[in-house]
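Have a look at the structure below before the remarks.
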Amino acid sequence: MRKTFLLCFIFLLVGPAEAQTLDGSNFRIEWQVANRFRLFRDPAFFKLHENAWREYLFHAGRLKLSEDGRADYVGRTSVLGSEHVLNDRRIAFTDTPRKDFDWRGWAALSEGKLCYDPESRRHGACGSIDDYLNPQSHEIELWLEAVGEIALPPTAQCEWRVGGELLAAAGCGERVSAALPYPGGAEISVNLVGEQPIAVAASVRDILVASLGDSFASGEGNPDRPAEFGDAKRYRNLYPLRSENSAAGSATWTDQLCHRSLYGQNLRAALQIAVENRQLSVTFLDYSCSGAGIDDGILGGQYYVEREAATDLASTSTARPLSGGAKDAQIYR
């Protein structure tokens with residue numbers, strides 16, 4: 001009798017334990033690298049492509065294809081499909097004209113948004129080349145995702161930690177940003193105030209892609225910003241004059257001497273890898289150059305596709321291409 005009374009008294013003192021609100025069986029930590037294509041200095045510039053790809057996936061999902069057929073279709077058409085979303089005169093997959101259509105294309109907006117310096121012709125616009133090749137960390141986005149039927153109260157506040165250090169206290173439904181150390185990564189944890197955290201180990205895989213080649217790789221014929229033509233005609237032919245018929249009215253490229261553009265096939269392939277893999281980062285080096293060959297251009301120096309300034313139109317076709325040096329070989333750089 002005495003033992004029974006003692007056990008009841010202890011139970012009343014302790015009381016029932018409260019259930020853990022954030023539990024690994026009901027919630028999980030999700031994260032992604034914010035700017036997964038490191039040639040782009042501006043994360044918002046990368047988001048253009050991520051959003052375009054998601055819009056294209058929505059279109060592909062509406063097609064009457066089998067699961068395997070859809071996967072094959074998306075694998076073959078994602079890059080071109082994303083370009084349609086970004087550049088078509090009409091809202092993608094509709095007949096509705098865009099109100100804010102920019103005929104120049106998305107790459108025309110890249111000025112000042114790349115980690116490539118067109119003056120020095122080096123990938124050092126985001127710090128030194130060592131900073132570009134060997135990042136110390138990657139900016140990531142963190143959020144909670146429910147995997148069960150339990151929903152957090154709308155006013156719940158979560159504490160986020162990276163590597164044990166308090167990062168932010170924010171609403172549990174909000175996304176937060178953090179710097180994730182590279183290459184080791186860190187543990188990410190989150191908890192409601194006063195509760196035990198749930199955690200996940202996170203690390204970014206950063207892959208290096210280097211592009212070598214001739215005009216097929218550089219994007220010749222598809223500049224970042226095309227020339228704008230007017231209504232006037234050239235003498236003795238039907239080609240229109242540029243709206244500004246001087247060097248200032250010429251097409252522009254990421255690298256002017258090599259006619260290297262953001263539409264080059266190697267760059268677009270590397271960008272698509274970044275778009276489709278949330279926890280991966282791509283460091284891209286582009287040394288392709290129009291006119292390059294194996295001996296002259298890739299293994300050795302080359303004459304560039306840009307030519308020396310001509311004094312009159314008649315001599316333009318015979319103007320010498322600008323000369324490179326031994327250190328301009330793609331394999332050297």
Side-chain angles (χ1 to χ4, degrees), residues 33-49 104-139 179 182 206-215 217-227 247-271 273-274 281-292 297-298 300-309 321-333:
V33 180
N35 180 13
R36 302 194 287 278
F37 194 63
R38 297 185 59 248
L39 180 66
F40 294 168
R41 179 191 299 187
D42 184 356
F45 199 51
F46 172 76
K47 287 290 185 183
L48 287 175
H49 298 272
R104 301 172 305 168
W106 64 265
L109 307 175
S110 65
E111 186 174 355
K113 298 179 180 179
L114 305 180
C115 289
Y116 183 80
D117 181 0
E119 297 299 324
S120 66
R121 305 186 67 223
R122 296 290 186 272
H123 298 81
C126 298
S128 68
I129 186 64
D130 288 336
D131 293 332
Y132 184 65
L133 290 175
N134 301 296
Q136 300 300 305
S137 63
H138 294 85
E139 191 74 16
Y182 179 80
D206 194 301
I207 64 173
L208 176 66
V209 178
S211 174
L212 308 179
D214 58 7
S215 56
S218 69
E220 179 68 69
N222 206 352
D224 295 317
R225 190 179 70 195
S250 299
T252 59
W253 312 78
T254 302
D255 184 274
Q256 197 70 27
L257 291 180
C258 282
H259 286 191
R260 191 183 302 145
S261 97
L262 297 179
Y263 295 116
Q265 63 176 358
N266 292 356
L267 186 146
R268 285 301 279 113
L271 175 56
I273 292 172
S281 177
V282 175
T283 299
F284 185 71
L285 298 170
D286 196 353
Y287 297 122
S288 57
C289 193
S290 292
I298 296 181
Q302 74 174 96
Y303 285 101
Y304 293 115
V305 293
E306 287 289 299
R307 295 178 179 271
E308 296 174 354
L322 295 172
S323 177
K327 291 186 178 181
D328 289 322
Q330 294 175 34
I331 201 70
Y332 177 89
R333 303 172 77 187

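Values in this document were obtained by computation on a predicted structure and should not be read as measured data.
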message = Using the rule given for ring-ring contact (aromatic ring centres under 6.0 Å, His included), can you reason through H49 versus F40, listing the C-alpha separation, both sets of side-chain angles and the distance that settles it, and then say yes or no?
response = CA-CA 11 Å; H49 298 272; F40 294 168; 5.7 Å; yes
task = I would like to know whether L257 and E306 meet side chain to side chain contact (heavy atoms under 4.5 Å, CB included); could you show each step before the answer?
result = CA-CA 5 Å; L257 291 180; E306 287 289 299; 3.9 Å; yes
request  = Examine the side chains of T254 and R260 and answer whether a donor and an acceptor come within less than 3.5 Å of each other.
outcome  = no
Gap between atom CZ of F284 and atom OG of S211 - 0.5 Å precision = 4.5 Å
query = Does OH belonging to Y303 count more than 12 external heavy atoms closer than 6.0 Å?
reply = no
task = Please work out which of the three classes, parallel, tilted or perpendicular, describes the rings of Y287 and H123, given edges at 30° and 60°.
result = perpendicular
note = Between G297 and Q302 the two heavy atoms that sit nearest each other are CA-OE1, 3.5 Å
task = Measure across V305 and G291 and return the closest heavy-atom pair with its distance rounded to 0.1 Å.
result = CG1-N, 4.1 Å
task = Kindly determine whether I273 and R36 satisfy side chain to side chain contact (heavy atoms under 4.5 Å, CB included), including the steps that lead there.
result = CA-CA 9 Å; I273 292 172; R36 302 194 287 278; over 6 Å; no
task = Mark yes or no for whether R38, through its side chain, and Y132, through its backbone, hold a donor-acceptor pair below 3.5 Å.
result = yes
query = Can you tell me how far CG of L114 sits from CG of L39, rounded to the nearest 0.5 angstrom?
reply = 5.0 Å
request  = Quick one: closest heavy-atom pair of G324 and Y304, and the distance?
outcome  = CA-CE1, 3.7 Å
ask   = Would S290 and E220 satisfy side-chain hydrogen bond (donor to acceptor under 3.5 Å, both in side chains), going step by step from the backbone distance to the final call?
value = CA-CA 6 Å; S290 292; E220 179 68 69; 2.8 Å; yes
query = Quick one: SG on C115 to CG on L285, what's the gap to the nearest 0.5 Å?
reply = 11.0 Å
task = Working to the nearest 0.5 Å, report the span between CG of L133 and OG of S128.
result = 8.5 Å
key: Shortest non-hydrogen separation from V282 to A274 and the atoms involved   = CG2-CB, 3.8 Å
request  = Give, for atom OG of S281 and atom CG of N35, the distance between the pair rounded to the nearest 0.5 Å.
outcome  = 7.0 Å
ask   = Just by distance, do the side chain of S110 and the backbone of K113 share a donor-acceptor pair under 3.5 Å?
value = no
inquiry  = The test is side-chain hydrogen bond (donor to acceptor under 3.5 Å, both in side chains); show your working for D206 and T283 and say whether it passes.
reply    = CA-CA 7 Å; D206 194 301; T283 299; 2.8 Å; yes
task = Please test N266 against V209 for side chain to side chain contact (heavy atoms under 4.5 Å, CB included), starting from the C-alpha separation and ending with a verdict.
result = CA-CA 9 Å; N266 292 356; V209 178; over 6 Å; no
message = Between Q330 (side chain only) and G213 (backbone N and O only), is there a donor and an acceptor less than 3.5 Å apart?
response = yes
request  = To the nearest 0.5 angstrom, please state how far the OG atom of S261 sits from the CZ atom of R225.
outcome  = 13.5 Å
ask   = Of all heavy-atom pairs between D224 and L262, which one has the smallest distance, and what is that distance?
value = OD1-N, 2.7 Å
note = In short, D286 meets S288 closest at the heavy-atom pair OD1-OG, 2.7 Å
inquiry  = Tell me whether Y332 contacts the main-chain N or O of A326 through its side chain, where contact means a donor paired with an acceptor under 3.5 Å.
reply    = no
Ring geometry between H259 and W253 (parallel below 30°, tilted from 30 to 60°, perpendicular above 60°) = parallel
